[in-house]
Amino acid sequence: MLAAMTVRARFAPSPTGELHIGSVRTTLYNYLFAKQNGGALVLRIEDTDQARFDARALPSIYDGLHWLGIGWDEGPREGGPHAPYVQSERLALYQRHANEMVAMGAAYHCFCSSERLAQMRAAQAARKEITKYDRLCRRIDPAQAADRASREPHTVRLKVPEEGSVSIDDLVHGHVEWPLATLDDQVLLKSDGFPTYHLAVVVDDHVMGITHILRGEEWLPSVPKHLLIFRAFGWAAPPMGHVPLVLGQDSKKLSKRHGATRVTEFREQGVLPEGLVNYLALVGWQPGTEEEIFSMDELIARWRVEQVQKAGGKWDYARLRWFSGVWVRRLSDDELLERVAPFIPAEWDRRVVRQTIPHIKERMETLTQAKDLIAFLFTDELPTDPARYLPKKRAAAETRDVLMRVRSGIADLQPFTAPAIEAEMKRIATEAGWKDLNMATRLAVTGTSVGFGVYESVALLGRDRAVARLDRASALLG
RNA sequence: GGCCCGGUCGCCUAGUGGACUAGGGCGUCUCCCUUUCAAGGAGAAGGUCACGGGUUCGAAUCCCGUCCGGGCUACCA
C-alpha cells in the first residue's frame with residue numbers, strides 16, 4: 001500500500017453514448033485501487049467534443065456504476081473541491097494553460113484550415129508518406145502569430161522537440177520509450193475554444209491532484225504528448241498504468257458489433273451485478289492463486305496493479321453467465337426473490353413465487369430464466385398438442401392409464417406435501433412397473449419437460465389444479 | 001506505412017532458469033447422484049508454451065531475429 005500519500009484515482013469517460021462494458025472494467029480497477037488505498041475516486045466528464053455529445057451518457061454512467069456497486073467521491077452530481085467536474089465548464093482553465101504554453105514556447109498558434117490539412121494529408125498519403133502536420137505555422141514569427149491570433153481563427157499546437165525521447169515506467173507494461181522525432185504536433189486547443197483530450201486530461205489530472213492514472217491501453221500511444229505537456233509546466237507526471245483492452249471474439253476492441261456491450265443490456269438480461277463485477281475483474285487481472293470467486297470487498301483487498309495482465313482479454317459470455325449463476329446460488333432466498341421480482345409479471349402472487357425460490361436457485365444463471373421455470377404455476381394455458389404429453393417412446397394409451405392412476409393416487413392424499421406425493425408416486429410407479437411416471441406427470445402438470453422437482457411442482461400447484469391438469473392431459477391422450 | 005503494445009489448451013489464465021510428465025477455471029464430452037433439468041461429485045479430451053536461432057548441465061521462463069495479432073496514427077475520446 002502507498003501509505004505516505006493520499007491516493008486520488010479518477011475515471012474520465014466521454015459522454016458519447018451509453019456506458020460501455022470496457023470502460024466499466026477500467027473504472028472498476030480505478031475503484032478497487034482507490035478503495036484499497038483509502039483514497040478517493042473522482043468522476044470527470046470529458047465532453048470536449050461537442051459533436052459527439054450524447055445526453056444519455058451521464059445517467060447511464062450513474063445508473064450502471066451504482067447498479068454494480070461502484071461509487072465515487074467527487075463528480076458532477078456530487079461536487080467536490082475541484083468542481084466543476086465537467087470539462088465543458090472549465091474552458092477558461094484550458095485556454096489559459098494553452099496560452100501559457102504558447103508564451104513559454106512549448107506550443108504555437110496554427111492558422112491552417114481544416115481544408116488545407118485535409119489536402120495536405122491526402123497528398124502525403126498519395127506519396128505514401130507518413131501523414132503528419134507539416135509544421136507550416138510553427139515557422140511563423142511568434143509576435144506576428146500572436147497578433148494574427150487575436151483576429152483569425154486558429155488552433156494551438158504542441159511544439160514537439162525535434163530530437164530526444166520521453167519515457168514512462170508504466171505500472172503494467174514497465175518501461176516504455178518514444179523517440180520524439182516520430183510525434184506529431186498535436187492540436188491542444190481547437191478553433192472553437194475547446195481543448196482536445198490531451199490538453200484537458202493533463203491539466204485536469206494535475207489541477208485535481210490525481211496521483212495515479214489507470215486507463216485503457218488505447219491511450220498508451222498518446223502518453224508522450226502528455227509527458228511533453230507535463231514537462232512544459234514543470235509538473236511531475238503521476239504514475240500511470242495502461243490496462244489491457246477488452247476484446248471481442250475476433251480479437252478486436254470490444255464494440256457493439258460483438259453483441260451486448262452496454263451495461264444496461266446485461267442488467268436487462270438478468271445478469272447479477274456481483275457476477276459481472278467478479279467476471280470483469282478477472283478479464284485482465286489474476287489473483288495469483290486458483291481462487292476466482294470474489295465479492296467486491298474481496299476484490300478491494302486482493303486486487304493488485306502488479307497482477308494486471310499485459311495482453312488483452314476476450315469477452316466470454318458463457319463465462320460471464322457462469323459467474324452470474326455462482327452468485328445467484330450465493331443469494332439468500334429472500335434476496336433472490338427481490339432480484340427476481342422485476343423479471344416476472346407483477347400480478348404473480350409473491351407468496352407463491354417465494355416458495356419456488358429454493359427450487360429455481362440451482363437452475364438459473366440469469367434472473368430472466370426464473371419466469372419460464374415457474375410460469376406453470378401462474379397460467380393454465382398449457383400446450384394442446386397431445387404429442388407434447390408423451391414421454392419418449394411411450395404410447396398414448398399407457399401414458400393415459402398411468403396418469404389416471406396418479407390422479408386417483410393424489411386426489412385424496414393427506415397431507416398434500418412433496419414428501420407425501422413422492423411416496424405415493426413411487427408406490428404407483430413400482431405398482432405399474434412404469435419408469436417414466438415422473439416425466440409423464442411433469443408433462444401433464446407443467447406442460448414442459450424441464451423444471452424443478454415433480455413432487456414439489458405438484459405440491460406447489462395444489463391438489464385441485466394438479467388433478468385438473470391430469471384430467472386434461474388424459475383427455476387429450478384419449 | 002510509422003510509432004507503441006502484446007503472443008501458454010477454443011476462452012480466462014498459473015508459471016519469473018530445475019518440484020512442469022505445463023496447473024486451475026469456463027466451455028465440450030463421459031460417468032455418479034437425481035426416475036426431469038440443474039446444482040454437486042468424479043473423470044476425459046484439449047497445449048510442439050507463435051516460430052527460428054542462441055546462452056545454459058537445464059528455458060514457457062534469459063538474449064537475438066522472424067512471424068502473427070492488436071492499439072494509435074483527427075481541430076474524436
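Numbered from 1 within each chain, the chains take letters A, B, ... in sequence-line order. The figures that follow rest on heavy atoms only: side chains count, while hydrogens, waters and symmetry mates do not.
When both pairing distances are held under 3.5 Å, B/rA38 makes no Watson-Crick or G-U pair with any nucleotide shown. Under the Watson-Crick or G-U wobble criterion, with both distances below 3.5 Å, B/rG18 is paired with B/rC57. As the counterpart of B/rA45, no nucleotide is assigned, since no Watson-Crick or G-U wobble pattern has both distances under 3.5 Å. Under the Watson-Crick or G-U wobble criterion, with both distances below 3.5 Å, B/rC26 is paired with B/rG10. B/rC51 is paired with B/rG65 under the Watson-Crick or G-U wobble criterion, all donor-acceptor distances under 3.5 Å. In a base pair of the Watson-Crick type (N1 to N3 plus N6-O4 or O6-N4) or a G-U wobble (N1-O2 and O6-N3), with each distance short of 3.5 Å, B/rC72 is matched with B/rG2.
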What does the list of N/O pairs under 3.5 Å between the protein and nucleotides 21-24 of chain B look like, with a distance for each?
| from | atom 1 | to | atom 2 | distance (Å) |
| --- | --- | --- | --- | --- |
| B/rG23 | O2' | A/E290 | OE2 | 3.2 |
| B/rG24 | O4' | A/E290 | OE2 | 3.1 |

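Residue contacts shown for A/E129 are absent, as no nucleic acid heavy atom lies under 4.0 Å away. Contacts of A/C112 with the nucleic acid, taken as non-hydrogen atoms under 4.0 Å apart, include base atoms. Backbone-only contact: A/L245 has heavy atoms under 4.0 Å from sugar-phosphate atoms and none from a base. A/G453 comes within contact range of at least one nucleobase, with a heavy-atom separation under 4.0 Å. Counting any heavy atom pair closer than 4.0 Å across all strands shown, A/R321 reaches no nucleic acid atom. Backbone-only contact: A/S251 has heavy atoms under 4.0 Å from sugar-phosphate atoms and none from a base. Nucleic acid contact for A/T48: sugar-phosphate only, since backbone atoms but no base atoms lie under 4.0 Å from a heavy atom of the residue. Across all strands, A/V454 comes closer than 4.0 Å to no nucleic acid atom at all (heavy-atom distances). Heavy atoms of A/K252 sit under 4.0 angstrom from primed sugar atoms or phosphate atoms, though from no base atom. Residue A/L220 is classed as a sugar-phosphate contact, given heavy-atom separations below 4.0 Å to backbone atoms only. Within the nucleic acid shown, A/F452 comes within 4.0 Å of at least one base atom, counting heavy atoms only. Using a 4.0 Å heavy-atom criterion, one finds that A/K253 contacts the sugar-phosphate atoms exclusively. Across all strands, A/S222 comes closer than 4.0 Å to no nucleic acid atom at all (heavy-atom distances). Residue A/T16 is out of contact with every strand shown, counting any heavy-atom pair closer than 4.0 Å.
Taking atom C1' in both B/rG24 and B/rG15, the straight-line distance is 12 Å, to the nearest Å. Atom C1' of B/rU30 sits at a distance of 10 Å from the matching atom of B/rA45, rounded to the whole Å.
Ring orientation note: the planes of A/H198 and A/H226 are tilted relative to one another, at an angle of 30° to 60°.
Closest contact between the side chain of A/D316 and the listed nucleotides B/rC26, B/rG71, B/rU35 involves B/rC26.
A/W72 and A/F11 have their aromatic ring centers within a separation under 6.0 angstrom.
Residues A/V353 and A/I374 form a side-chain contact, since some pair of their non-hydrogen atoms from C-beta on lies under 4.5 Å apart.
Sorted by first and then second residue, the side-chain hydrogen bond (donor to acceptor under 3.5 Å, both in side chains) pairs with a member in residues 308-318 of chain A read A/S251-A/K314; sequence neighbours excluded.
With hydrogens and angles ignored, no donor-acceptor pair under 3.5 angstrom links the side chain of A/T196 to the base of B/rC75.
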